[in-house]
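Each remark here refers to the structure printed beneath this line.
Here the structure is a predicted model, which is why all the values come from computation and not from measurement. Heavy atoms only: backbone and side chains are in, while hydrogens, waters and symmetry mates are out.
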Amino acid sequence: MYWAEHAWLGAHVEPGVLIEVRDGLITAVRAGDGPPPSGAEVLRGLTLPGLANAHSHAFHRALRGTVQVGAGTFWTWREVMYQVASRLTPDSYHALARAVYAEMALAGVTAVGEFHYLHHGPDGTPYAEPNAMGEALIAAAADAGIRITLLDTAYLHGGLSRAGYQPLTGPQLRFGDGTADRWHERWSRLKGREHARIGAAIHSVRAFSDTDGYERFAQYTEGVPVHIHLSEQPAENEACAAVHGCTPTELLARSGFWKPTVTAVHATHLTDGDIGVLGGAGAGICMCPTTERDLADGIGPALALQRAGCPLSLGSDSHAVIDLLEEARALELDERLRTRTRGHWTAAALLRAAAEDGHASLGWPEAGRLEAGALADFTTVSLTSVRTAGPVPRLAAETAVFAATAADVRETVVGGRRVVRAGEHTLVPDVPGALAAAIAALRE
């Protein structure tokens, strides 16, 4: 049983909210319940549904700081990223991901979508356990106390140019299974757990072709969440137009790829026609504003996509920062920069993207709400820090979204278990130390 000093119940802030929990589920939510009853665990601040980080590459956390030296583009950044990717083993990936997921818990994240394509050894040779790297990520999430959807990724080609599809080379060799059927054979061996669900992904139209079988991939993955990087870079669109005579969105639409269980990540450079296709199919869109601005990718048409019928979710992608509150406000603030007008999304809409719709995109539709029957996953943001002190409690949601940071998260509860208490992780005692050690090991 938890007593929240203030809680966001989907439309407004309520004071004195009692949250009863049994077997990992919320059994009752009672607002205006007075002072905390005897035996209740007290959550001081604003309690929100747990946040969903819908797009993560855990190993990118090792790039923080390193890639801020010098200039360049997404493509020069990618070369540095490949260097890190080439050094990871199942053991070192587990150590790094455990620390990264603990950092997420400290930021109020209760579920992560891990877009996973580091499948094999550095030269492309499968491990004795073909899913050793994916299993390391699943175990890391358990050790950090959060839920995971492993979005195991088909990555079959090294790129797409006007000359056609390129073979995997160098560090990319460990990404590939050779064919879609061999990817499916390996993917089929993955099993979900109480804290883990298995989804699927296609890396991009650069890494998977129509001859690989989009329709067959869709049949393989029927009923599970599917994600794909879409039109992140203009070069992808230009190559697709040269080879296929259409945009990536249109290419995928030819095979009936788009549906409500599919989420397009980034979707930065779309035509009006693309937006109509995605909205008409009810496909989800995962925006990663801190990464998109860090890599100079551009500002995606999130508002137009939502208006067309696409639910929005949020991810921290490259982990330039891990802060879903920052991702939420960046969605609004980036749109303000583009349009020079304010107020495109309310705090409620941004919280929905960060919580309920994010969980739905990862195949956890029973999470992301503070209501009876939902998973007992929630997080509490301080209302007394230097960033959040002052506003009246009824504006606590606006304060959290537009002023708070991950540093203001004080409590995180997953399945009724307190994973973060008073700003300290209960399972990984020294998260900064764990991060430093895991990243340093990759430099040795």
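- Take His94 and apply the ring pair (Phe, Tyr, Trp, His ring centres under 6.0 Å) test, not counting sequence neighbours, and it matches no residue.
- The aromatic rings of His55 and His229 sit perpendicular, their planes meeting at an angle over 60°, well past the 30° parallel limit.
- For residues 109-126, the set of pairs meeting the salt bridge (Lys or Arg N to Asp or Glu O under 4.0 Å) definition, not counting sequence neighbours, is empty.
- In this structure a side-chain-to-backbone donor-acceptor pair under 3.5 Å is missing from His266 to Cys288.
- Put simply, the side chain of His57 never gets that close to the backbone of Phe59: no donor and acceptor are under 3.5 Å apart.
- A donor-acceptor contact under 3.5 angstrom links the side chains of Thr47 and Thr380, judged on distance only.
- The shortest side-chain heavy-atom distance between Glu292 and Asp334 does not fall under the 4.5 Å cut-off.
- Within the structure, salt bridge (Lys or Arg N to Asp or Glu O under 4.0 Å) pairs that include any residue of residues 350-360 comprise Arg352-Glu356, Arg352-Asp357, Glu356-Arg369 (at least two apart or interchain).
- Around atom CZ of Arg394, no more than 12 heavy atoms belonging to other residues, nucleotides or ligands sit under 6.0 Å away.
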Query - Evaluation steps, side-chain contact (heavy atoms from CB on, under 4.5 Å), between Lys259 and Glu222 - result: CA-CA 10 Å; Lys259 60 184 73 171; Glu222 182 67 33; 3.4 Å; yes
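- Distance alone, capped at 3.5 Å, is enough to place a donor-acceptor pair between the Thr291 side chain and the Ser316 backbone.
- Atoms CE and CG, on Met81 and Leu295 in that order, are 9.5 Å from each other to the nearest 0.5 Å.
- Minimum heavy-atom separation, Ser86 to Gln83: OG-O, 2.7 Å.
- Two residues are said to be in side-chain contact when any heavy atoms from C-beta on lie closer than 4.5 Å; Val100 and Val112 fail this criterion.
- Arg174 places a side-chain N or O within donor-acceptor distance of the main-chain N or O of Ala85, the cut-off being under 3.5 Å.
- In terms of the salt bridge (charged side-chain N to carboxylate O under 4.0 Å, His left out) criterion, residue partners of Glu366 (sequence neighbours excluded) are, by chain and number, Arg197.
- Ile202 contributes atom CD1, which lies 8.5 Å from atom CG of Leu156 (distance to the nearest 0.5 angstrom).
- A distance of 6.5 Å separates CG in Leu333 from CZ in Phe402, rounded to the nearest 0.5 Å.
- For the salt bridge (Lys or Arg N to Asp or Glu O under 4.0 Å) condition, the pairs that include at least one residue of residues 49-73, sequence neighbours left out, are Arg61-Glu103, Arg64-Glu103.
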Report task. Show your working on side-chain contact (heavy atoms from CB on, under 4.5 Å) between Leu270 and Leu278 and close with a plain yes or no. Result -> CA-CA 10 Å; Leu270 302 181; Leu278 293 165; 3.8 Å; yes
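- Side-chain N or O atoms of Arg338 include one that pairs as donor or acceptor with a backbone N or O of Ile299 at under 3.5 Å.
- For Tyr93, the ring pair (Phe, Tyr, Trp, His ring centres under 6.0 Å) test picks out no residue, with sequence neighbours left out.
- In this model, a donor atom of one side chain and an acceptor atom of the other lie less than 3.5 Å apart for Gln306 and Trp345.
- At most 12 non-hydrogen atoms from other residues, nucleotides or ligands lie less than 6.0 angstrom from CZ of Arg307.
- Pro248 and Ser231 make their closest contact through CG-OG, 3.8 Å (heavy atoms, listed as atom of the first residue, atom of the second, distance).
- Interatomic distance, CG of Asn53 versus SG of Cys286, reported as 7.5 Å (0.5 Å rounding).
- For residues 134-154, every residue pair satisfying the salt bridge (Lys or Arg N to Asp or Glu O under 4.0 Å) rule, not counting sequence neighbours, is listed here: Glu135-Arg193, Arg147-Asp377, Asp152-Arg186.
- Side-chain atoms of Thr247 and Asp274 form a donor-acceptor pair, as typed in the model, at a separation below 3.5 Å.
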Requested in this report: Mind running side-chain contact (heavy atoms from CB on, under 4.5 Å) on Val84 and Leu442 for me, showing each step along the way?
Outcome: CA-CA 7 Å; Val84 174; Leu442 300 178; 4.1 Å; yes
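- Contact of the Gln233 side chain with the Asp297 side chain is registered, since non-hydrogen atoms from C-beta on lie closer than 4.5 Å.
- In summary, the side chains of Asp212 and Ser209 do present a donor paired with an acceptor at a separation below 3.5 Å, with no hydrogens or angles considered.
- Remark: the backbone N or O of Gly199 is not paired with any side-chain donor or acceptor of Thr149 at under 3.5 angstrom.
- Using a 4.0 Å cut-off between charged side-chain N and carboxylate O, Glu332 and Arg329 make no salt bridge.
- Checked by atom type and distance alone, the side chain of His359 pairs as donor or acceptor with a backbone atom of Ala355 at under 3.5 Å.
- Residues passing the ring pair (Phe, Tyr, Trp, His ring centres under 6.0 Å) test with Phe217, sequence neighbours excluded: Trp183, Phe208.
- Pairs of residues two or more places apart, or lying in two chains, that qualify as ring-ring contact (aromatic ring centres under 6.0 Å, His included) and include a residue from residues 118-155 are His116-His119, Tyr117-Tyr155, Tyr155-Phe175, Tyr155-His203.
- Scanning for side chain to side chain contact (heavy atoms under 4.5 Å, CB included) contacts around Ala253 gives Trp258, Val277, with sequence neighbours left out.
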Report task. Apply the test side-chain contact (heavy atoms from CB on, under 4.5 Å) to residues Val419 and His425: give CA-CA distance (whole Å), side-chain angles for both, the deciding distance (0.1 Å), then the verdict. Result -> CA-CA 6 Å; Val419 175; His425 203 288; 3.5 Å; yes
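- Atom CG of Leu305 and atom CD1 of Ile275 lie 5.0 Å apart (nearest 0.5 Å).
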Report task. For side chain to side chain donor-acceptor pair (under 3.5 Å), just list the numbers for Glu327 and Thr290, CA-CA rounded to whole Å, side-chain angles, deciding distance to a tenth of an Å, and then say yes or no. Result -> CA-CA 6 Å; Glu327 303 294 346; Thr290 64; 2.5 Å; yes
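- One N or O on the side chain of Asp323 and one on the backbone of Glu326 form a donor-acceptor pair closer than 3.5 Å.
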Requested in this report: For the pair Arg182 and Glu185, evaluate salt bridge (Lys or Arg N to Asp or Glu O under 4.0 Å) and give the outcome as yes or no after the intermediate values.
Outcome: CA-CA 5 Å; Arg182 288 209 289 271; Glu185 181 181 357; over 6 Å; no
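- At a threshold of 4.5 Å between non-hydrogen side-chain atoms, the residues Leu350 and Leu314 do not count as touching.
- Residues satisfying the ring pair (Phe, Tyr, Trp, His ring centres under 6.0 Å) test with His344, not counting sequence neighbours, are none.
- In this structure, Gln219 and His184 have side chains that are not in contact, with every pair of non-hydrogen atoms separated by 4.5 Å or more.
- At a threshold of 4.5 Å between non-hydrogen side-chain atoms, the residues Met104 and Leu51 do not count as touching.
- Here the straight-line distance linking atom OG1 of Thr110 with atom NE2 of His195 works out to 13.0 Å at 0.5 Å rounding.
- For the pair Val262 and Leu252, the minimum side-chain heavy-atom distance is 4.5 Å or more.
- With hydrogens and angles ignored, the 3.5 Å screen pairs a side-chain donor or acceptor of Thr153 with a backbone N or O of Leu151.
- Residues forming a side chain to side chain contact (heavy atoms under 4.5 Å, CB included) with Asp91 (at least two apart in sequence, or on another chain): Thr89.
- Without hydrogens or angle criteria, Asp408 side chain to Thr405 main chain gives a donor-acceptor distance under 3.5 Å.
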